[in-house]
Amino acid sequence: MLEVKNLVKKFGSKNIAVNDMSFSINEGEICIILGPNGAGKSTTIKCIAGLLKFSGEINIFEHSNKSIESKKILGYVPETPSLYELLTVNEHLEFIAKAYELKDYEGYKNELLKRFDLDDKVDKVGRELSKGMQQKVSLCCALLIKPKIIMFDEPMIGLDPKAINELKKVFIELKEAGCILLISTHIIDSVEQYWDRVLIMNKGEVVKDLNKESLIHNTRTLEEIFFEATDEVKGA
Ligand SMILES: Nc1ncnc2c1ncn2[C@@H]1O[C@H](COP(=O)(O)OP(=O)(O)OP(=O)(O)O)[C@@H](O)[C@H]1O
């Protein structure tokens with residue numbers, strides 16, 4: 001289980017990016033964080049990934065997110081990929097395999113490279129790759145460790161339709177394997193059918209926590225609930 005308790009993240013003394021946020025996600029659940037620009041989605045994900053200092057408590061399978069146990073099982077795909085300019089695609093994956101002390105990963109590595117059309121680009125270095133290709137390498141690196149929890153920050157942006165399709169299949173496969181998925185987006189259409197939970201964030205707070213069943217019995221669409229909860233004006 002992922003547990004986030006009373007998470008507060010301030011930038012400076014006045015800018016409260018995340019304000020006392022608490023939620024938990026179970027194994028095999030796909031949870032979407034939906035929110036307008038600046039709602040605090042990326043900040044929340046970065047706190048869980050251990051990239052930002054925060055107050056509150058974050059536990060991953062009962063280990064603090066600062067522990068090595070939790071870091072070993074956590075995959076993170078940032079909004080903007082940051083590859084090593086002079087490492088090849090293959091070297092990026094080998095680097096991850098060494099850092100995480102992976103065993104028997106070759107077959108899975110090749111499978112990922114093929115799925116994301118990178119198998120003919122293994123010898124290209126980071127700076128030679130397009131933005132979308134870099135995004136795919138970043139995805140493969142996160143998936144290679146077979147994480148028990150994985151977070152994607154705006155994963156569809158920059159990917160071509162085939163890669164988006166492949167990624168959606170990966171989401172379902174990870175869910176079926178019992179992985180916890182946390183996916184941030186502000187594009188409601190991109191999340192359609194495959195979610196179990198939606199946390200709608202606005203101004204650093206969770207303003208709606210929905211599960212699939214609650215929407216089935218709701219006469220309004222997710223988009224309508226989003227606009228109501230965030231005071232955003234459609235088309236404005
Ligand atoms: N490094 C930073 N320094 C100062 N303020 C920051 C920093 N990163 C984020 N913020 C602020 O924190 C708030 C939340 O930003 P965050 O990036 O988490 O939003 P978001 O929901 O991911 O938005 P978007 O959809 O635009 O990516 C914003 O007010 C933003 O200006």
Side-chain angles (χ1 to χ4, degrees), residues 2-25 29-60 65-66 74-83 131-132 134-139 142 147 149-159 163-164 167-168 171 180-192 194-210 221-236:
L2 165 69
E3 284 178 296
V4 175
K5 294 185 201 165
N6 307 110
L7 175 66
V8 177
K9 175 63 197 173
K10 292 182 187 170
F11 291 104
S13 57
K14 291 209 176 99
N15 187 354
I16 305 174
V18 180
N19 189 10
D20 199 15
M21 190 170 171
S22 299
F23 63 91
S24 59
I25 311 175
E29 268 190 340
I30 299 182
C31 178
I32 309 292
I33 303 191
L34 209 58
N37 293 132
K41 305 181 296 294
S42 297
T43 305
T44 303
I45 285 183
K46 285 180 194 163
C47 288
I48 298 170
L51 299 175
L52 294 174
K53 286 189 175 167
F54 58 88
S55 58
E57 196 181 325
I58 299 176
N59 295 316
I60 295 171
N65 74 327
K66 294 173 184 128
L74 183 133
Y76 166 55
V77 185
E79 190 172 6
T80 312
S82 57
L83 300 192
K131 165 97 192 318
Q134 291 183 29
Q135 181 80 353
K136 291 180 193 177
V137 175
S138 182
L139 265 170
I149 163 166
I150 186 161
M151 301 187 294
F152 301 87
D153 199 349
E154 303 283 0
M156 310 298 186
I157 291 174
L159 292 183
I164 290 176
L167 183 58
K168 286 181 179 176
F171 289 162
I180 294 170
L181 287 89
L182 186 59
I183 306 166
S184 118
T185 185
H186 58 266
I187 306 171
I188 301 172
D189 289 351
S190 70
V191 297
E192 323 127 351
Y194 57 76
W195 57 272
D196 300 297
R197 285 266 300 285
V198 173
L199 301 175
I200 301 180
M201 279 192 85
N202 196 26
K203 298 178 184 149
E205 296 184 6
V206 175
V207 288
K208 271 272 181 254
D209 182 347
L210 298 162
T221 63
L222 181 57
E223 192 182 40
E224 285 165 342
I225 295 171
F226 173 83
F227 284 114
E228 190 183 289
T230 57
D231 296 324
E232 295 279 297
V233 179
K234 193 176 175 183

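Each ligand, and each atom within it, is numbered from 1 in the order the structure gives.
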I149 side chain near L182 side chain, heavy-atom distance below 4.5 Å: no
Atoms of ligand 1 less than 4.0 Å from N37 heavy atoms? 23 (O), 24 (P), 25 (O), 26 (O)
Residues D209 and R197 bridged, charged N to O under 4.0 Å: yes
K5 NZ/CZ over F54 ring centroid, <6.0 Å and within 45° of normal: no
Can you confirm whether F152 sits close enough to T185 that some side-chain heavy atom of one is under 4.5 Å from a side-chain heavy atom of the other? no
Enumerated ligand 1 atoms positioned under 4.0 Å from heavy atoms of A39: 19 (O), 20 (P), 21 (O)
Any heavy atom of N15 under 4.0 Å from ligand 1? The part involved is side chain
Are any of the protein's heavy atoms under 4.0 angstrom from atom 9 (C) of ligand 1, yes or no? yes
Contact between ligand 1 and G38 is defined here as a heavy atom of the residue under 4.0 Å from a ligand atom; is it met? yes
Side-chain donor/acceptor of N6 to backbone N/O of G56, under 3.5 Å: no
Per-atom contacts of ligand 1 with E79, taking only distances under 4.0 Å to non-hydrogen atoms: 27 (O)
Heavy-atom contacts with P36 under 4.0 Å: which atoms of ligand 1 show up? List them by number with element. 21 (O)
